[in-house]
There are 2 protein chains.
Amino acid sequence: MSHLENKLINRAIRPTAMRLLVLQYLMEHHAAVSLKILEEQFYKSDKSTLYRTLITFEKKGLVHQIDDGTGMKKYALCLETCNCAPKDQHFHFHCTKCSETFCLTGQNVPNIALPIGFQMQKANMVIKGFFANCSH
Amino acid sequence: MSHLENKLINRAIRPTAMRLLVLQYLMEHHAAVSLKILEEQFYKSDKSTLYRTLITFEKKGLVHQIDDGTGMKKYALCLETCNCAPKDQHFHFHCTKCSETFCLTGQNVPNIALPIGFQMQKANMVIKGFFANCSH
DNA sequence: TTTTCTTTTGCCATTGAGTTGCAGGTTGGA
DNA sequence: TCCAACCTGCAACTCAATGGCAAAAGAAAA
């Protein structure tokens with residue numbers, strides 16, 4: 001049984017051919033992945049299959065969704081130990097030149113003073129800017 | 001000249017009737033405002049006028065846009081002293097029960113260690129959770 | 001292996017937020 | 001008063017996201 005299959009099974013996701021391919025693609029790409037990118041990559045497959053694959057991955061905690069303001073939801077792999085709890089939340093950065101979005105997994109979101117009675121579940125943290133040496 | 005008019009003129013926005021009404025609405029509502037909400041509020045006006053009003057307000061630095069993951073862009077008034085620089089960026093929180101989004105203006109975004117060569121311009125920081133006593 | 005049941009996939013259509021072009025109306029300055 | 005620039009309303013369009021349904025694939029039982 002391959003490493004990829006294990007990653008899916010560990011998250012209670014049935015390892016179909018399509019899912020293994022999408023997982024492989026996610027692992028090979030450091031930037032967060034949009035549905036559109038997947039459609040281009042797997043042009044023989046259907047949009048809704050890829051869409052539902054991402055939904056399944058997210059529901060099972062394999063990926064998390066990032067809303068970087070480009071109008072397209074993006075997805076990035078969670079760390080092995082992640083279960084998307086408040087303590088697992090991290091920042092992302094979005095390059096306005098190349099429009100790519102990356103996880104900043106080195107540091108987690110610090111404690112933020114919240115109004116009384118407010119309970120944090122998740123976060124969507126995106127820093128926007130650019131790489132000085134971005135190729136775009 | 002009214003306080004509302006001054007607020008627009010200070011940001012180099014011509015104070016038309018429509019803009020004054022939208023500004024007033026923004027000031028009266030603590031939660032961030034979506035285009036849809038404005039459409040419902042000003043049903044006699046046109047969607048594109050309201051849309052362009054928000055665009056103008058944002059371009060002139062009167063409001064900032066928040067992407068809270070609901071699929072609808074929301075807008076909230078900037079503080080008087082804000083010019084949307086990195087130092088002006090703050091967190092927001094989004095209640096998953098009532099779907100409202102608020103500015104946490106008490107504290108700004110702390111320094112975040114960025115990869116070398118990456119320059120921050122703006123941020124979209126949204127904490128998701130719920131109010132214990134949310135009415136929804 | 002064959003049958004049966006559940007899950008996944010592909011195709012197609014739809015929704016809805018966001019956006020644009022254009023013509024007519026409004027505003028402010030010369 | 002007149003002109004030029006700006007604003008508004010209408011209508012259409014774009015495009016990401018999503019849902020229904022039947023066929024295909026996979027898992028489990030016989």
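Here is how names work: the chains are called A, B, and so on, in the same order as the sequence lines, proteins then strands, and each is numbered from 1.
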**Request:** Mark yes or no for whether Glu100(A), through its side chain, and Ala31(A), through its backbone, hold a donor-acceptor pair below 3.5 Å.
**Result:** no

**Prompt:** Hey, does the side chain of Gln107(A) reach the backbone of Ala113(B) with a donor-acceptor pair shorter than 3.5 angstrom?
**Reply:** yes

On the nucleotide [N], are OP1 or OP2 found under 4.0 Å from the side-chain N or O atoms that [X] carries?
X: Ser45(B); N: dG9(D); value: yes
X: Thr16(A); N: dT9(C); value: yes
X: Tyr51(A); N: dT18(D); value: yes

**Message:** Checking side-chain polar atoms at under 3.5 Å, does Ser48(A) have a donor or acceptor matched by the opposite partner on Arg52(A)?
**Reply:** yes

**Asked** Just checking Ser34(A): base, sugar-phosphate only, or nothing, at a heavy-atom cut-off of under 4.0 Å?
**Response** nothing

**Asked** Touch check for Lys47(A), heavy atoms < 4.0 angstrom, all strands: base, sugar-phosphate only, or nothing?
**Response** base

Roughly how many Å is it from [atom1] in [X] to [atom2] in [N], rounded to a whole number?
X: Glu39(A); N: dT9(C); atom1: CD; atom2: P; value: 15 Å
X: Asp46(B); N: dT19(C); atom1: CG; atom2: C1'; value: 12 Å
X: Phe57(A); N: dT8(C); atom1: CZ; atom2: C1'; value: 13 Å
X: Leu54(B); N: dT8(D); atom1: CG; atom2: P; value: 12 Å
X: Leu20(A); N: dT9(C); atom1: CG; atom2: P; value: 10 Å
X: Lys73(B); N: dA17(C); atom1: NZ; atom2: P; value: 13 Å
X: Phe42(B); N: dC10(D); atom1: CZ; atom2: P; value: 16 Å
X: Met18(B); N: dT27(C); atom1: CE; atom2: C1'; value: 17 Å

Taking atom types as they are modelled, would you say the side chain of [X] forms a donor-acceptor pair with the base of [N] within the 3.5 Å cutoff?
X: Ser48(B); N: dC10(D); answer: yes
X: Arg52(B); N: dG18(C); answer: no
X: Arg14(B); N: dG29(C); answer: no

**Closest to the Met72(A) side chain, choosing from dA17(C), dT9(C), dA17(D)** =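 The nucleotide sitting nearest to the side chain is dA17(D).
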
**Closest non-hydrogen atom pair, Asn108(B) against Phe91(B)** = O-CE1, 4.2 Å

**Prompt:** Would Phe118(A) and Phe93(B) count as a close aromatic pair, with their ring centres under 6.0 Å?
**Reply:** yes

**Request:** With DNA chain D as reference, determine whether Arg19(B) or Ile55(A) sits nearer its 5' end, using the nearest nucleotide of each.
**Result:** Arg19(B)

